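A short worksheet on the structure shown next.
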Amino acid sequence: MAANQQIDAAASPTRKLLSWYDAHARALPWRAPPGSNALPDPYRVWLSEIMLQQTTVAAVGPYFERFLALWPDVQALAAADDADVMREWAGLGYYARARNLLAAARAVAARGGFPASESGLRELPGVGPYTAAAIAAIAFNEPAVVIDGNIERVASRLFALPDALPAGRARLAAALAPLVPPDRPGDFAQALMDLGATICTPRSPRCLLCPLNGNCLAHATGQQEAFPVKPPRKARPLKRGTLWWIEHAGEVALVRRPPRGLLGGMLALPGTAWSVEGDMSLPFPADWQLLETPVRHGFTHFELELRVAAAHLPHRIAHIAGHDPLWTPRNSLAGLPTLFARAAALALAHLPELESA
DNA sequence: AAGTCGGGGCC
DNA sequence: GGCCCAGACTT
């Protein structure tokens with residue numbers, strides 16, 4: 001029938017996208033193959049979604065496998081020690097995610113399983129609008145409108161949305177909602193994300209290969225790289241401070257940072273506060289050695305430069321600037337955020353291991 | 001609405 | 001050096 005042929009030739013953007021996904025989906029450890037009948041394990045979906053917040057697929061991979069090996073289900077994770085979870089999360093960043101992960105696991109275990117609705121999921125700590133929609137769609141087949149950074153970019157180009165993000169997010173959701181297929185909402189969301197990651201990239205999108213190039217309003221006028229519209233970013237100040245490498249009998253003094261705020265709850269090297277003025281102070285008199293090379297580290301909203309001062313003590317001390325030190329063998333330091341891990345590597349490379357007296 | 005919160009990979 | 005990444009939470 002002519003009408004059917006016309007419909008096939010001008011298949012809906014949703015069906016074109018799903019067909020492309022059936023052929024080109026990325027194979028990822030937490031993902032069910034496209035169109036598979038069985039829904040993926042909500043625990044794996046949730047764990048991957050938390051890890052993937054503002055974090056690349058490549059960075060998440062080893063962490064996901066490690067967590068799944070240590071804690072194969074939500075009951076196991078709920079029973080884990082806080083310090084063990086923080087140690088395993090070290091290096092992945094945004095450490096509030098690890099604290100919320102454990103709190104959410106305990107809430108889920110207590111109620112006997114994951115909520116199956118978007119609104120129920122939204123009540124878990126660390127689960128915001130994006131993550132609730134993604135889990136509902138992928139793990140429970142709920143037709144939720146999933147919007148992450150990839151989908152923002154794809155959809156803003158598809159509809160040529162002039163509104164700057166994130167203010168224009170509601171309008172974007174309204175434009176996208178009619179395209180969500182009730183039969184495959186999870187695959188639809190993941191297809192948009194794969195499209196954004198591999199074809200509809202931030203710069204130099206490969207529109208020639210895009211299954212939606214015939215539907216894309218931005219591509220129609222060659223303006224695809226003008227979307228999405230985003231406000232300019234603020235400049236980041238440079239802060240400075242000093243880290244104290246305090247060693248006794250082959251052990252190094254570590255401290256645990258306060259439970260909230262920057263690097264909250266994580267192991268750290270002790271040191272001064274960080275400020276634009278810079279603090280060069282030392283905690284007590286000793287034969288301090290100043291390492292030549294400082295450690296530089298970029299955070300989202302400031303740049304950091306820390307010098308490292310090292311001292312060998314003839315005896316242990318009970319307190320360092322108000323902290324109870326955790327004495328740790330210098331050759332088995334683990335669970336440090338990247339900033340402190342790099343400072344520790346620098347110290348280990350420049351300070352010889354002393355013979356025991 | 002604006003700030004806070006990591007780290008790495010890419011151009 | 002700036003931008004981006006399967007954002008959430010606080011104020």
Side-chain angles (χ1 to χ4, degrees), chain A residues 25-26 28-31 44-64 86 89-101 103-104 121-139 144-155 164-170 186-198 200-205 225 228 230-239 257-266 268 295-304 336-342:
Chain A
R26 292 178 291 175
L28 302 174
W30 47 84
R31 176 181 279 183
R44 297 169 61 104
V45 175
W46 163 74
L47 180 61
S48 69
E49 290 299 344
I50 301 299
M51 288 184 167
L52 286 162
Q53 290 168 3
Q54 293 293 287
T55 309
T56 56
V57 165
V60 164
Y63 284 86
F64 180 80
M86 301 314 283
W89 198 277
L92 197 55
Y94 285 149
Y95 297 97
R97 293 185 296 172
R99 304 192 298 269
N100 287 331
L101 185 83
L121 290 160
R122 182 67 181 81
E123 294 178 19
L124 297 173
V127 176
Y130 160 75
T131 304
I135 299 173
I138 296 170
V145 182
V146 181
I147 301 176
D148 77 324
N150 283 309
I151 298 177
E152 277 186 356
R153 183 175 59 257
V154 173
L165 295 172
R169 194 168 171 277
D187 283 349
F188 178 75
Q190 294 178 95
L192 283 174
M193 291 190 269
D194 279 20
L195 193 67
T198 63
C200 195
T201 49
R203 281 169 298 188
S204 306
E225 289 199 70
K230 291 195 174 180
R233 301 195 177 183
K234 283 186 56 180
R236 301 180 305 168
L238 173 64
K239 298 185 180 183
R257 293 174 62 85
R260 285 190 291 275
L262 189 69
L263 306 170
M266 299 301 290
V295 175
R296 285 191 71 103
H297 194 77
F299 289 97
T300 305
H301 54 293
F302 66 94
E303 190 83 13
L304 184 62
L336 291 169
T338 300
L339 163 64
F340 301 116
R342 285 170 43 201

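Every chain is numbered from 1, with letters handed out A, B, ... down the list of sequences. Every value quoted in this text rests on a predicted model; they were computed, and no experiment measured them.
Side-chain contact check for Leu47(A) versus Trp30(A): every heavy-atom pair is 4.5 Å or farther apart. Between Val127(A) and Trp46(A), some side-chain heavy-atom pair lies under the 4.5 Å cut-off.
Heavy atoms of Thr131(A) sit under 4.0 angstrom from primed sugar atoms or phosphate atoms, though from no base atom. Using a 4.0 Å heavy-atom cutoff across all strands shown, Val127(A) reaches sugar-phosphate atoms only and no base atom. Using a 4.0 Å heavy-atom cutoff across all strands shown, Gly91(A) reaches sugar-phosphate atoms only and no base atom. Residue contacts shown for Leu92(A) include a base, since a base heavy atom lies under 4.0 Å away.
With Arg257(A) contributing its side chain and Ala268(A) its backbone, the two residues share no donor-acceptor pair below 3.5 Å. Judged purely by atom type and a 3.5 angstrom limit, Asp194(A) uses its side chain to pair as donor or acceptor with the backbone of Arg26(A). Listed for the Tyr94(A) side chain is no donor-acceptor partner under 3.5 Å among the backbone atoms of Met51(A). Between the side chain of Arg99(A) and the backbone N or O of Gly265(A) there is no donor-acceptor pair closer than 3.5 Å.
Taking atom P in both dG6(B) and dT11(C), the straight-line distance is 16 Å, to the nearest Å. For the P atoms, the distance from dA6(C) to dC11(B) is 15 Å, rounded to whole Å. Between dC3(C) and dG3(B), the two P atoms lie 16 Å apart (nearest whole Å).
Phe299(A) places its CZ atom 18 Å from the C1' atom of dC3(C), with the value rounded to the nearest Å. Atom CD of Gln53(A) and atom C1' of dC4(C) are 16 Å apart (whole Å). Counting to the nearest Å, the P atom of dC4(C) and the CD atom of Glu152(A) are 11 Å from each other. What separates CG of Leu121(A) from C1' of dA8(C) is a distance of 15 Å, to the nearest Å. Going from atom CZ of Arg99(A) over to atom P of dT10(C) covers 10 Å, rounded to whole Å. Distance Arg203(A) CZ to dC4(C) C1': 8 Å, rounded to the nearest Å. The distance from atom CZ of Arg97(A) to atom C1' of dT10(C) is 18 Å, rounded to the nearest whole Å. The nearest whole Å value for the distance from the CG atom in Leu192(A) to the P atom in dC5(C) is 14 Å.
For the residue pair Arg31(A) / Gln190(A), a side-chain donor-acceptor distance below 3.5 Å is found, with atom types taken as modelled.
Annotation: of the two residues near DNA chain C, Trp30(A) and Gly126(A), the 5′-most nearest-nucleotide partner is Trp30(A). Each of Thr55(A) and Pro129(A) was assigned the nucleotide of DNA chain C with the nearest heavy atom; the assignment lying further toward the 5' end belongs to Thr55(A). Across the interface with DNA chain B, nearest-nucleotide mapping of Gly93(A) and Lys234(A) shows Lys234(A) to be the residue nearer the 5′ end.
Among the nucleotides dC5(C), dA6(C), dC4(C), the one closest to any side-chain atom of Leu28(A) is dA6(C).
For DNA chain B, the outermost nucleotides in 5' to 3' order that have an atom under 4.0 Å from a heavy atom of chain A are dG3(B) to dC11(B).
The 12-atom threshold is exceeded at CD of Glu225(A), counting heavy atoms of other residues, nucleotides or ligands nearer than 6.0 Å.
The shortest distance between the side-chain N/O atoms of Gln54(A) and the OP1/OP2 oxygens of dC5(C) is not below 4.0 Å.
The base of dA8(C) has none of its N or O atoms less than 3.5 Å from a complementary donor or acceptor on the side chain of Arg122(A).
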